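Quick caveat, the model's predicted, so the values are computed rather than measured.
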Amino acid sequence: PRAVSGAQEVVELNLERFQGRIKLNVGGSKFETTLSTLRFSPQSMRATMFGGREGIHVSIDEEGYVFIDRSGEHFGAVLDYLRTGVLDASGGCHAAPRRE
């Protein structure tokens with residue numbers, strides 16, 4: 001990985017790294033998707049992480065995965081929703097209780 005010195009370089013590096021497919025490690029579960037899927041909702045944290053905004057740097061491990069520190073149990077359903085716009089909750093997807 002090349003070193004970056006300024007905020008604009010970080011933005012350019014993030015955009016360069018995420019032009020094609022993106023590999024995600026979500027709580028140990030591995031997924032692969034596209035930049036456009038992750039940026040489906042422009043106001044989301046995903047869009048912020050992968051949008052090349054100044055001040056946001058995303059770490060990539062030696063295998064090319066971006067680690068997201070959340071449970072990967074239902075992340076496949078999230079990706080399917082982002083791809084199709086349809087939420088399939090038939091798999092028993094339940095919201096976790098909020099932590100205070």
Next on the checklist: For a 4.5 angstrom cut-off between non-hydrogen side-chain atoms, does Asp61 reach Phe67?
Outcome noted: no
Next on the checklist: Less than 4.5 Å apart, side chain to side chain, heavy atoms only: is that true for Val86 and Tyr81?
Outcome noted: no
Atom pair [atom1]/[atom2] of [X] and [Y] - distance to nearest 0.5 Å:
{"X": "Ile22", "Y": "Thr33", "atom1": "CD1", "atom2": "OG1", "answer": "7.5 Å"}
{"X": "Ser29", "Y": "Arg70", "atom1": "OG", "atom2": "CZ", "answer": "14.5 Å"}
{"X": "Ile68", "Y": "Asn25", "atom1": "CD1", "atom2": "CG", "answer": "8.5 Å"}
{"X": "Leu82", "Y": "Phe75", "atom1": "CG", "atom2": "CZ", "answer": "7.0 Å"}
{"X": "Leu24", "Y": "Tyr65", "atom1": "CG", "atom2": "OH", "answer": "9.0 Å"}

Checklist entry - Are Lys23 and Glu32 within salt-bridge range, i.e. N to O under 4.0 Å? => result no
Item to check | Any donor-acceptor pair under 3.5 Å from Thr84 side chain to Asp80 backbone | outcome: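 Flag set: sc Thr84 to bb Asp80 pair under 3.5 Å.
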